[in-house]
2 protein chains.
Amino acid sequence: MEDVARAADVSRALVSLVMRDSPKVSPEKREAVIRAAEQLGYRRNRLASSLASHRTHTVGVLLSDLHNPVFAAVYDGLDDRLLDTPQRLLVATGRTDPDREAEAIWTFLDLRVDAVVLVGASVPDALIAKVGERVPTVVTTRRVDDAPVDSVLTDDVAGARAAVDHLHDLGHRDIAHVASPSHLGHHDRLDGYATRMRELGLDPFVVEGDLTRAGGARAAHAMLDRDRVPTAVFAHNDVTAIGVVDALTASGLDVPGDLSIVGYDNSDLAQLGQVSLTSVDMRSEELGRTAADLVLERVGSPPLDGPRLHQLHPVLFERTSTRPVTPRDR
Amino acid sequence: MEDVARAADVSRALVSLVMRDSPKVSPEKREAVIRAAEQLGYRRNRLASSLASHRTHTVGVLLSDLHNPVFAAVYDGLDDRLLDTPQRLLVATGRTDPDREAEAIWTFLDLRVDAVVLVGASVPDALIAKVGERVPTVVTTRRVDDAPVDSVLTDDVAGARAAVDHLHDLGHRDIAHVASPSHLGHHDRLDGYATRMRELGLDPFVVEGDLTRAGGARAAHAMLDRDRVPTAVFAHNDVTAIGVVDALTASGLDVPGDLSIVGYDNSDLAQLGQVSLTSVDMRSEELGRTAADLVLERVGSPPLDGPRLHQLHPVLFERTSTRPVTPRDR
DNA sequence: CTGAAAGCGCTTACAG
DNA sequence: CTGAAAGCGCTTACAG
């Protein structure tokens with residue numbers, strides 16, 4: 001900075017002001033400083049600047065899984081909204097392992113990010129609460145109550161109901177659900193499914209999966225191994241749904257000929273022509289935009305009101321993986 | 001730190017040593033310090049620590065596109081290798097926009113990361129050279145010559161030849177290539193295709209695409225609009241190939257009945273049961289692991305030898321999107 | 001292991 | 001706009 005000041009023939013204080021984009025610098029001096037900096041290849045050390053100012057202008061985004069495009073969509077929403085602000089996004093992932101996610105979150109805290117956004121995180125509520133006490137935190141695709149963090153998610157109960165209703169309207173009565181009960185933040189999909197099934201006078205049939213394609217395939221095999229093979233399957237996310245379809249097809253069954261499948265997320269994958277999966281859109285980008293708005297409200301403001309909860313309304317997108325039930329000849 | 005020292009009844013210097021995992025601290029004192037830190041909720045400020053030590057123990061990874069799973073695979077390779085080192089990964093993306101990628105890279109530099117890894121970046125060579133002068137840099141899936149940066153990539157000429165040979169072996173003679181000539185780092189695939197076609201006495205037929213599904217669809221339409229419709233298409237990446245298949249299928253053609261398709265990358269997408277795309281595996285994870293090794297060699301060492309280049313050998317994976325040519329009745 | 005000092009590269013606040 | 005001072009929270013190097 002000293003060097004730049006000397007080259008531009010101004011004071012070090014002025015260089016600092018220019019670097020911080022202060023409005024109280026004359027255009028001429030600003031120009032001179034910028035030119036000198038460029039010539040010397042000078043770039044402000046953000047480490048030092050952040051240490052002194054207590055602001056990093058950085059928000060840390062934890063993406064649950066880089067292989068699942070639905071999280072990329074949430075990222076896009078965040079990015080759209082933060083583009084015209086001074087905040088920069090830094091992302092990390094724990095590759096769906098809770099311990100490594102926790103580690104990534106602590107790295108964000110150690111780096112003193114201005115805010116943290118959790119996208120599909122699988123860490124326990126207690127940890128999220130602790131994080132919320134240290135830095136503005138918003139969790140997406142999941143809700144955390146009784147903690148100083150904002151939640152923004154889709155109304156999954158409504159989404160699951162929409163999926164069941166869609167299949168019911170097509171005449172399906174034997175509707176299985178692939179859920180991941182052990183996975184945090186996915187209870188609502190299961191609840192919505194079970195509740196709606198009972199309301200319709202149908203028996204819920206839940207098979208365990210996880211958040212991967214392999215889990216979907218395993219769930220499909222578990223279904224086939226029983227004597228009761230459903231005519232339709234509602235999977236708790238698209239990746240799982242695709243795993244179900246793969247396994248079913250490999251077993252000689254036709255989708256949607258023999259079974260109809262509904263996914264959840266409406267990610268890029270569901271939209272692939274060859275996949276064409278009917279799916280509940282969880283409004284991923286909007287989730288990201290809303291999260292960004294919450295971040296902007298919190299960052300740099302004194303702790304305002306208590307934790308907030310935003311729920312978006314899901315929308316079912318019908319594609320070719322579902323069709324009216326055909327009577328089984330057996 | 002002072003507080004922790006007081007609570008543990010040791011000196012501030014000792015706390016610093018413990019935080020840096022120094023071996024010259026007795027187990028008892030170490031325990032006491034760790035306990036005190038935990039109790040006070042103390043975490044070392046990495047901003048301050050990095051500023052003083054000139055090391056951030058952080059490598060910045062620029063991923064070209066979070067929606068393309070092939071980059072996630074490279075990330076996985078990096079992560080595998082860096083897991084047991086003190087280095088932490090921070091990722092950023094420019095969403096395939098060169099200007100935004102450049103911005104993300106500068107953010108890494110401003111943060112003083114120990115190294116930068118570029119995965120599929122679309123910024124110009126000149127910028128990469130400038131980055132390499134400031135920090136150890138390795139670029140993957142692309143090579144940069146005449147610059148102080150390491151390159152690790154697949155032998156794309158060989159990969160393209162393998163794709164052409166595969167189709168040729170199946171009897172195809174009319175083989176189109178969807179390329180993205182404007183896109184940096186993809187010349188070799190085009191060159192390999194064109195060279196091999198000529199060697200086989202065939203006419204190269206190149207259609208322009210980009211790196212997206214939409215680009216593939218546009219390329220497919222461009223092919224259909226001509227009077228010469230090929231019997232096979234080799235697309236320069238999987239996403240493009242899928243776009244081609246989608247558009248072809250929507251136009252009433254069958255893949256592989258009417259046209260065979262080969263992709264490049266062998267990403268998650270190619271492996272989906274419903275997509276089942278024959279694809280050239282670019283060994284993405286191995287790319288990541290190799291990049292990590294190069295980073296580790298450079299970080300903290302005095303500038304050793306000159307820039308290095310690692311080339312991996314691609315492998316074609318045959319799936320159901322290709323089959324022997326069937327004579328056209330026209 | 002302690003203690004005291006200097007320094008990392010900035011920002012902040014203020015007098016002029 | 002300048003100049004000088006204090007401080008951000010650490011690390012480094014050293015004497016004891």
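Letters A, B, ... mirror the listed sequences (proteins, then strands); counts begin at 1.
In this structure D/dA4 sits in no base pair that meets the Watson-Crick or G-U test at under 3.5 Å. When both distances must be under 3.5 Å, the Watson-Crick or G-U wobble mate of C/dA13 does not exist.
At a cut-off of 3.5 Å, with distance as the only test, no side-chain donor of A/Arg30 or A/Ser26 sits close to an acceptor on the other residue.
Taking a cutoff of 4.0 Å between a charged side-chain nitrogen and a carboxylate oxygen, A/Lys29 and A/Asp9 do not qualify as a salt bridge. No salt bridge links B/Arg95 with B/Asp65; every basic N to acidic carboxylate O contact stays at or beyond 4.0 Å. We find that A/Asp79 and A/Arg81 are not joined by a salt bridge, their nearest charged nitrogen and carboxylate oxygen being 4.0 Å or further apart. A salt bridge links A/Arg289 with A/Glu286; the closest basic N to acidic carboxylate O contact falls under 4.0 Å.
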Nucleotides 9-16 of chain C: protein proximity per nucleotide (B base, S sugar-phosphate only, - neither; heavy atom, under 4.0 Å): BBBB----

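Residue A/Ser26 places its side chain closer to D/dC1 than to any other of C/dT2, C/dC1, D/dC1.
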